[in-house]
Amino acid sequence: MILLDYIVNLSIFSLLVSVPLVIRSFINHRPLKQIGLLAGIYAGIVSVILVMLSFQQDGYSYDIRYAPVILIFAYLGPAAGIITGVFSLLARLFSSGQWEAAIIGWTIIMVSFSVIHLFIKRLSSVKRSLLLFGTYLLIYIITVPIIFNVFRNQPYFHYQYLLFVLLGVLIGVLIIESYVKLHRLNNRLSDMYKMVEESEAKYRLIAENTSDLIMVMDREHSLSYFSPSHEIVLGFQSSELEKMKLCKFIHPDDVCRFKDTIESMFEKPESKSFEFRLQHKEGHWIEFESRCMPVKGENQTIEHIVTISRDISERKKAEEILLQSEKLSIVGELAAGVAHEIRNPLTTIKGFMQLYKWENGSDEINDLLLSELNRIETITSEMLSLGKPQAVHHHQTDLRDLLENTLELLSPQAHLNDIQFNLSVKEPAVFITCEKNQLKQVFLNILKNAMEAMPDGGNIDIDLVTKEDRECILSFRDEGSGIPEEILPRLGEPFYTLKEKGTGLGLMICNKIIKQHNGTITYHSKPQEGTTVEIRLPLMNPIKEASSI
Ligand code: ADP
Ligand code: MG
């Protein structure tokens, strides 16, 4: 049964082609090209086996020994192809007679394949296999039936044989191509794995070796990741942190702000920065500056918020020192004015005391004496409180009160320079949460600048209004020399001053303090007309429940 022989031959051939490829895919995935000569020898052995499996048809033996020869020529070139060819020829010579025809046919095929290979080098292996088979077909037709006159009048005999070889070539091509494709896919996959691993290692290296705190928060406000730096910076073990709620170690004054910021980011996706304090395991508070970035998920909604926080304790200390030095310079300057002003009420007291003595006293005089004495007391105590370093405590404060106190502190100097303060506040009281001394420092700096801009005296209007129960707007308007437009953007830069004895720190400190209070400060000015400094501050928030963080 020729069909059965066909099937047995082709099955064994496919098995022999597949086995080394499958084994190689388990060992390593080097491209086929790198094993050229070895593959030539193996294919040679395969062609020997195919000769051994040959079957007789009309006295001639059928085998597909040329299928591996064509494949090796196509995939690995003439050197490996000729090795396979030699094996196949030897097998053929040992198995049957008619050596002359076999050797002539073999030589023509080897020479033609080698020459043709030069021209088809650039084509794909599949095309090369088909072209080489075509060449083989041509040589076979010319030599076997035409030159050697084998069964010239039985074309069916030749069709069958050529189809047999063609099937061998096609099966070989299919198996090798699937292996090559698999090999490429595997290479691409391992490259991708390598890339992913490398990039993950890179990010892990950064995340795990930075002193910044990196945390990722999900929609439910629970932490899905926190960097190991938390252990070093906050002193807690990872296992402890995993169990704790974030609000446990955020400062109670900052919890609301933190929660509000995070919640607003889930609604409006924009990055935000803020400062807050976290508690170290040993109990002390550390100040952090945080940058929060919203991260969108697949359906374009915010899924996570990445927060990177940096310990700014050292920077805060430096700022504190700067603030202190600016305060001291103001205290020094004020001292002269205050001393001068103290002398006046003292003279009055002295005069009336003498009069009291002389006239044996009256209640009116007593009152006046007391009020003047109070005035001295207020001014000196304010000066002392400004000079002393103070701990930062945010309190509910009446801005109106604070403004009045500040104006009183500056009134001696204003008096000397013929300057009038006009305070206008519509509300009886305007409450905000603030650090009293810091805000007083801001008002002092702004008013001092205004006074310095008005050497010939004039009015300084101070207005305080509230807006939609949300914020208050505080404006200081002077009639001084004004600020040229090109200088306005530079206000607040450290050490930027136009004064001979200026420090250029006043407005920088103002900007900083107002920012810390979540407010804004803007400057409007026209040369020779005056300057308006506008401060917006949030009004006191109703206490919010923060336990959900
Ligand atoms: P300093 O007062 O030590 O110069 P500041 O930071 O307080 O430093 O102010 C920076 C500069 O801004 C001042 O030198 C001044 O030129 C300008 N400036 C600030 N406020 C006013 C004002 N009200 N009128 C005119 N110029 C001002
Ligand atoms: Mg100043």
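We count ligands from 1, going down the list as the structure has it; atoms in each ligand are counted the same way.
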For [X] and [Y], does a side-chain donor sit closer than 3.5 Å to a side-chain acceptor?
{"X": "E198", "Y": "Y203", "answer": "no"}
{"X": "T520", "Y": "K515", "answer": "no"}
{"X": "K181", "Y": "N186", "answer": "no"}
{"X": "R291", "Y": "S273", "answer": "yes"}

Shortest reach to [atom] by a heavy atom, considering only [options]:
{"atom": "atom 27 (C) of ligand 1", "options": "T531, I483, I446", "value": "I483"}
{"atom": "atom 12 (O) of ligand 1", "options": "V533, L447, L491", "value": "L491"}
{"atom": "atom 5 (P) of ligand 1", "options": "L507, N445, I487, N511", "value": "L507"}

Starting from [atom], locate the nearest protein heavy atom and write down its residue, its atom name and how far away it is, to 0.1 Å.
{"atom": "atom 20 (N) of ligand 1", "answer": "N449 CB, 3.3 Å"}
{"atom": "atom 23 (N) of ligand 1", "answer": "D478 OD2, 2.8 Å"}
{"atom": "atom 14 (O) of ligand 1", "answer": "L498 N, 2.8 Å"}
{"atom": "atom 11 (C) of ligand 1", "answer": "Y496 O, 4.0 Å"}
{"atom": "atom 4 (O) of ligand 1", "answer": "T497 OG1, 2.5 Å"}
{"atom": "atom 15 (C) of ligand 1", "answer": "K499 CE, 4.0 Å"}
{"atom": "atom 3 (O) of ligand 1", "answer": "T503 N, 2.8 Å"}

Report the distance from atom [atom1] of [X] to atom [atom2] of [Y], rounding to the nearest 0.5 Å.
{"X": "E493", "Y": "I487", "atom1": "CD", "atom2": "CD1", "answer": "11.0 Å"}
{"X": "L402", "Y": "C434", "atom1": "CG", "atom2": "SG", "answer": "6.0 Å"}
{"X": "D254", "Y": "F288", "atom1": "CG", "atom2": "CZ", "answer": "11.5 Å"}
{"X": "M451", "Y": "M454", "atom1": "CE", "atom2": "CE", "answer": "8.0 Å"}
{"X": "K202", "Y": "E197", "atom1": "NZ", "atom2": "CD", "answer": "13.5 Å"}

Under 3.5 Å donor-acceptor, N417 side chain and G457 backbone: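 Checking the backbone N and O of G457 against the side chain of N417, no donor-acceptor pair under 3.5 Å is found.
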Proximal ligand 1 atoms for A453, defined as those under 4.0 Å from one of its heavy atoms: 24 (N), 25 (C)
Close-contact set for ligand 1 against A450 heavy atoms, below 4.0 Å: 23 (N)
Under 2.8 Å: N/O/S of N445 next to the Mg ion (ligand 2):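 No N, O or S atom of N445 is closer than 2.8 Å to the Mg ion (ligand 2), so no.
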Polar atom proximity, M508 to ligand 1 (N or O, under 3.5 Å):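 For ligand 1, there is no N or O atom that lies under 3.5 Å from one belonging to M508.
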Any N or O of S481 closer than 3.5 Å to N or O of ligand 1: no
G482 heavy atom under 4.0 Å from ligand 1: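 Yes, G482 has a heavy atom closer than 4.0 Å to ligand 1.
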